[in-house]
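Written below as structure tokens is the structure these notes are about.
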Amino acid sequence: MKTYPIVAGNWKMHKTPNEGILFVKKTVNMLLDIQKVTIIFSPPFTTLFELDVEAPFYLGAQNCHWESQGAFTGEISPEMLVDCGVEFVIVGHSERRHVFHESDEWINNKVHAVLNAKMKSILCIGETLEDRESNQTKSILSSQLSKGLNGIKSLENIVLAYEPVWAIGTGKTASIEQIEEAHQLIRSELQKDFSTEESQNVSILYGGSVKDDNARELISIEGVDGFLIGGASLKAESFTAIARNVEQQMKETI
Ligand code: PGA
């Protein structure tokens, strides 16, 4: 069964705990009537413990380590996140892959650890501009997908996010055709390892310069089940406008 579309904000390294608390209060108040959209706030770790939200609002973390505890200076474990009420963890974001050089193997360890801790993993995949220009998009997406999900038996607690690296934070969105093609490709690649039903029903988000003025068009694309949003998730006005556009689209398609 398809779940409600997801509007997930990835705050990255923005907002102090106090700013985050005020922001979440304001946003939740602005969206009290939302019914058919799952809304996720992914603040920095320092803010997570301070937040308490109820469905359809959820807490997400931007990263985690795969071990439960140990000598890993600067890291946070899945169990620590669970204790903060976190239900989703973003894994393999392009900034983790490209700025912090996370390998597919690490990313796969994290996906397993998140699921073992009974949270849901938002696994991000996406090609760079260089990959796209050298016709590597398909092979990069299928490789990141199969390596990231290596050993995973069910897609039940997996959400995928297609985020072309060249569209993140650049103001450039992928075209409708590019997004549709990538999402189709992801579903057909998934069918190699998972049932048709699971592959069709898994939520695949799009991320990369989603804004209030393009959300409506992007959510109408076949196979797009929501968004992972960076910049536009930092302002209550733009984030709530995106959520409203998604809810409106849901209502019109039922
Ligand atoms: P952006 O970031 O919306 O600012 O492009 C998306 C992301 O990094 O997930």
Side-chain angles (χ1 to χ4, degrees), residues 5-15 19-20 23 27 37-45 47-48 58-64 86-102 107 110-111 114 120-132 137 140-141 144-145 148 158-176 178-179 182-183 186 202-219 221 223-246:
I6 294 173
V7 170
N10 171 13
W11 298 4
K12 308 191 180 183
M13 200 170 70
H14 292 284
K15 298 191 192 295
E19 289 166 348
F23 175 85
T27 308
V37 183
T38 292
I39 296 174
I40 305 172
F41 300 105
S42 315
F45 292 133
T47 305
L48 277 172
Y58 297 87
L59 296 182
Q62 299 173 21
N63 185 25
C64 73
V86 169
E87 298 197 43
F88 293 83
V89 184
I90 300 169
V91 175
H93 187 276
S94 82
E95 283 144 26
R96 300 300 319 170
R97 290 178 189 266
H98 298 288
V99 183
F100 297 98
H101 306 292
E102 285 193 9
I107 290 165
K110 293 179 184 204
V111 173
V114 167
K120 293 180 175 34
S121 183
I122 304 179
L123 173 64
C124 304
I125 60 173
E127 80 286 1
T128 62
L129 188 57
E130 203 184 345
D131 297 330
R132 184 161 277 279
T137 302
I140 288 291
L141 293 183
Q144 289 181 348
L145 198 59
I158 300 282
V159 173
L160 294 158
Y162 168 58
E163 298 207 299
V165 180
W166 48 273
I168 296 178
T170 57
K172 285 186 203 154
T173 15
S175 70
I176 293 178
Q178 286 168 331
I179 297 172
H183 284 230
I186 294 168
V202 68
S203 294
I204 308 182
L205 315 183
Y206 167 75
S209 299
V210 176
K211 305 266 181 291
D212 44 353
D213 59 4
N214 59 18
R216 196 58 202 275
E217 186 180 29
L218 295 172
I219 197 63
I221 301 173
V224 172
D225 302 308
F227 300 127
L228 183 55
I229 309 155
S233 75
L234 296 172
K235 291 216 166 72
E237 290 70 23
S238 48
F239 189 60
T240 56
I242 294 169
R244 286 200 178 285
N245 275 302
V246 172

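Values in this document were obtained by computation on a predicted structure and should not be read as measured data. What's counted below: heavy atoms across the whole structure, side chains too, no hydrogens, waters or symmetry copies. Counting convention: from 1, in listed order, for ligands and their atoms alike.
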Exercise for the section: Could you tell me whether Glu237 atom CD has more than 12 heavy atoms of other residues or ligands within 6.0 Å of it? Expected result: yes
Completion exercise
Counting from 1 in the order shown, the ligand 1 atoms closer than 4.0 Å to a non-hydrogen atom of Ala167 are 5 (O)
Practice task
Tell me, please: is Gly207 in heavy-atom contact with ligand 1, that is, under 4.0 Å?
Solution key: no
Exercise for the section: Give me the one residue out of Ile179, Ile176, Leu218 that meets side chain to side chain contact (heavy atoms under 4.5 Å, CB included) with Val224. Expected result: Ile179
Exercise for the section: Could you tell me whether Ile168 and ligand 1 have an N or O pair separated by under 3.5 Å? Expected result: no
Problem - Spatial distance of atom CG (Asn63) from atom CG (Asn10) [nearest 0.5 Å] - result: 10.5 Å
Exercise for the section: Pull out every atom of ligand 1 sitting under 4.0 Å from any heavy atom of Gly231, numbered as shown with elements. Expected result: 1 (P), 3 (O), 4 (O)
Handout entry: Minimum heavy-atom distance Gly208-Glu163, with the two atoms named
Key = N-OE2, 4.2 Å
Handout entry: Minimum heavy-atom distance Ile90-Leu228, with the two atoms named
Key = CD1-CD1, 4.0 Å
Completion exercise
A student checking ligand 1 against Gly169 at a 4.0 Å heavy-atom cut-off should list atoms 1 (P), 4 (O), 5 (O)
Problem - Residue-ligand contact Ala232/ligand 1, heavy atom below 4.0 Å - result: no
Exercise for the section: Classify the angle between the aromatic ring planes of His183 and Tyr162 as parallel (below 30°), tilted (30 to 60°) or perpendicular (above 60°). Expected result: perpendicular
Practice task
Taking all heavy atoms of Ala236 and all of Thr27, pick out the closest pair and write down the distance.
Solution key: CB-OG1, 3.8 Å
Exercise for the section: Please state whether the rings of Phe239 and Phe23 are parallel, tilted or perpendicular, taking 30° and 60° as the class boundaries. Expected result: tilted
Exercise for the section: Just jot down the ligand 1 atoms closer than 4.0 angstrom to any heavy atom of His93, in number order. Expected result: 7 (C), 8 (O), 9 (O)
Exercise for the section: Heavy-atom contacts with Gly208 under 4.0 Å: which atoms of ligand 1 show up? List them by number with element. Expected result: 5 (O)
Practice task
Select one of side chain, backbone, both or neither to describe which atoms of Ala161 lie under 4.0 Å from any atom of ligand 1, heavy atoms only.
Solution key: neither
Fill in the blank from the handout: Note: ligand 1 atoms sitting under 4.0 Å from heavy atoms of Lys12 are 2 (O), 7 (C), 8 (O)
Handout entry: Non-hydrogen atoms of Ile140 and Gly126 that approach each other most closely
Key = CG2-O, 4.0 Å
Problem - Short N or O distance, Thr170 and ligand 1, threshold 3.5 Å exclusive - result: no
Fill in the blank from the handout: closest protein heavy atom to atom 9 (O) of ligand 1 is Glu163 OE2, 2.6 Å
Practice task
Could you say whether the N/O atoms of Gly230 and ligand 1 ever approach to under 3.5 Å?
Solution key: yes
